[in-house]
Amino acid sequence: MKFELLKKDPESNARRGRLTTDHGTIETPIFMPVGTVGSVKGIYQRDLDNDINAQIILGNTYHLYLRPGLKILNKAGGLHKFIHWNKPLLTDSGGFQVFSLTDNRKLTNEGCTFRSHIDGSKHTFTPENNVETQRIIGADIIMALDECTPGNADHNYAAKSLALTQQWLERGAKHFDETEPLYGYHQSYFPIIQGCIYPDLRRKAAEHAISLEREGYAIGGLSVGEPIEKMYEMIEVIHPIIPENKPRYLMGVGTPANILESIARGIDMFDCVMPTRNGRNGMLFTWNGIINIRNNKWKDDFSPIDTTGTSFVDSYYTKAYLRHLMIAGEMLAAQIASEHNLAFYLDLVRESRKHIEAGDFLKWKNEVVKKVQNRL
RNA sequence: GGGGAGAUACCAAAGCGGCCAACUGGGGCAGACUGUAAAUCUGCUGACUUAUGUCUUCGGAGGUUCGAAUCCUUCUCUCCCCA
């Protein structure tokens, strides 16, 4: 994997870069659609590729490990082949599930024991077997197993949690270096920087992570309940510590405004379920603000979904029709809304790249942030 | 013609003397959702009020009672069974 820093914004920490993997090139800043169980919910891979222009998508180790399971994934020749996606893939380790399935898991120094949310069966992730699992899945970028610390954790808990994440990280990195990819293309292992909302812990976590000299670094444990200003502050704390020729991935973020603000603070990669989940629930993101398409006011609005949108759905369908589908509970509603939102998110980062190149990113960003937060 | 059942808020449907402005669904209206246990979840849904509260409601009219959606009389309408 190769990362080229193409341009630095003189007025902010924003960066324009290019990440090259064996499955293709990713122009950064980039948004990565989330496809937890081997599918970006409601979206054909064909549309992801041609309509939305996704450059890389995610999968999730915990979910794929449970279903379809490693045997099938291995037999399929890895996730790319299994799901028919020839562009880059990134898998999350399951660290977020350590956080979100908190009632069904137990943490030890050794690793994390889960109860499956599907059948209650017991499974253990260790940093080592988690790397092996992600070798079998075969993502281009694999993530370290971590504990995603809740945003309201106190300093004491956050410090202990970080120590565990760091111990796991060292073991995972070692195991990664001792093993080979299974399918003939390169994989990269990204550490995840934790530390909750505490600058000292974040600094410590970032310094520790870079000491392991990996190909990219992720920031985790943000947008998990902490005030949004703290999130930006943590990104700022970490920014100078990470070598500038390495990509930075802010995990799980976020709203369009969050993404622009984070790009301004030096983030290169994002993922979030928001465009798909909120889309399924009737929320549309546009350059002019947020639409709740279920609202009564759209019932006889026969204008296109989004005249500024880049997806075919934006001009193909009307607001009134999409509202009708949404209220009738039709599957197509979820598909259209998800496709629109993902196309918007990809457009958002595409425009960000253009404005970084043009040198007017900061001014542009400030104008857009105001607009995209409107409620239409 | 004879016998029976029933009329409750937008719809369906509980309630059968006070705990009823009225259970529960649906519908409607609005909100939430940030490395997806989510095509999910939450709130409101007689009027006026921030709220305590006040006022007008359970087919119509009249009555019994301290008190009625609930009991009685009567009218209107609906449905079912037998001729």
Side-chain angles (χ1 to χ4, degrees), chain A residues 31-43 56-64 66-67 90-105 114-120 134 139 141-151 165 190-194 217-228 231-232 248-259 261-262 267 269-285 290-299 323 325-338 341 345 375:
Chain A
F31 178 80
M32 309 181 283
V34 179
T36 307
V37 204
S39 123
V40 176
K41 293 186 194 299
I43 304 292
I56 170 171
I57 64 173
L58 297 208
N60 182 278
T61 303
Y62 166 82
H63 289 281
L64 292 167
L66 290 180
R67 249 182 343 208
L90 179 153
T91 40
D92 185 27
S93 58
F96 185 73
Q97 282 64 39
V98 175
F99 159 78
S100 67
L101 301 173
T102 175
D103 295 336
N104 291 321
R105 53 80 166 162
F114 288 97
R115 284 211 173 267
S116 158
H117 68 281
I118 299 163
D119 63 7
Q134 294 189 79
I141 299 172
I142 75 180
M143 302 304 301
L145 184 66
D146 66 334
E147 180 188 2
C148 180
T149 316
T165 289
F190 281 22
I192 301 173
I193 295 164
Q194 290 288 342
Y217 299 93
I219 305 171
L222 290 174
S223 67
V224 283
E226 80 287 358
I228 210 68
M231 175 170 96
Y232 298 141
R248 302 109 194 268
Y249 163 28
L250 179 59
M251 305 184 77
V253 174
T255 66
N258 292 161
I259 288 175
E261 293 296 354
S262 301
I267 300 296
M269 303 162 72
F270 299 89
D271 79 282
C272 191
V273 303
M274 199 171 262
T276 43
R277 181 190 288 167
N278 289 30
R280 285 195 302 281
N281 295 331
M283 184 184 284
L284 304 181
F285 297 94
I290 295 160
I291 290 175
N292 183 344
I293 199 65
R294 294 186 327 240
N295 285 175
N296 185 265
K297 65 207 260 196
W298 309 113
K299 69 172 183 283
R323 175 180 191 270
L325 292 178
M326 197 62 76
I327 282 178
E330 284 294 313
M331 289 189 288
L332 186 57
Q335 295 177 255
I336 293 171
S338 298
N341 280 346
Y345 267 65
R375 187 170 279 278

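So that the names make sense, note that chain A is the first sequence line, chain B the second, and so on, each numbered from 1.
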Practice item. Using the closest heavy atom to pick a nucleotide of RNA chain B for each, name whichever of M283(A) or K297(A) lands nearer the 5' end. Key: K297(A)

Point to revise | Residue met sooner reading RNA chain B from 5', once G35(A) and I327(A) are mapped to nucleotides | key: I327(A)

With [atom1] as the reference atom in both, quote the distance from [N] to [M] in angstrom, rounded to an integer.
N	M	atom1	answer
A21(B)	A68(B)	C1'	15 Å
U73(B)	C20(B)	C1'	25 Å
A51(B)	C44(B)	C1'	16 Å
G60(B)	G15(B)	C1'	22 Å
U54(B)	U8(B)	P	29 Å
U65(B)	C71(B)	C1'	9 Å
G53(B)	G35(B)	P	43 Å
A14(B)	C58(B)	C1'	12 Å

Answer with base, sugar-phosphate or nothing: what part of the nucleic acid does [X] contact at a heavy-atom distance below 4.0 Å?
X	result
N104(A)	base
G42(A)	nothing
N281(A)	base

Partner residues of [X] under the side-chain hydrogen bond (donor to acceptor under 3.5 Å, both in side chains) criterion, sequence neighbours left out:
X	answer
Y62(A)	H117(A)
K297(A)	none
N104(A)	none
T255(A)	N258(A)

Check your understanding: Which residue, T36(A), T61(A), N60(A), forms the side-chain hydrogen bond (donor to acceptor under 3.5 Å, both in side chains) with Q97(A)?
Key -> N60(A)

Review point. With sequence neighbours left out, which residue pairs that include part of residues 273-285 of chain A fulfil the side chain to side chain donor-acceptor pair (under 3.5 Å) condition?
Key: none

Point to revise | Pairing string, 5' to 3', for RNA chain B - Watson-Crick or wobble contacts under 3.5 Å, brackets [ ] where pairs cross, | to another strand | key: ((((((((.[[[..)..(.....]]]((((((.......))))))(((....)))...[[[[[..)....]]]]]))))))).

Revision key, fill the gap. Sorted by chain and residue number, the side chain to side chain contact (heavy atoms under 4.5 Å, CB included) partners of D119(A) (sequence neighbours excluded) come out as S116(A), S121(A)

Practice item. At the 4.0 Å heavy-atom cut-off to chain A, mark where contacts on RNA chain B begin and end, going 5' to 3'. Key: G28(B) to U40(B)

Study note, to complete from the structure: Across all chains, not counting sequence neighbours, the salt bridge (Lys or Arg N to Asp or Glu O under 4.0 Å) partners of E261(A) are R265(A), K365(A)

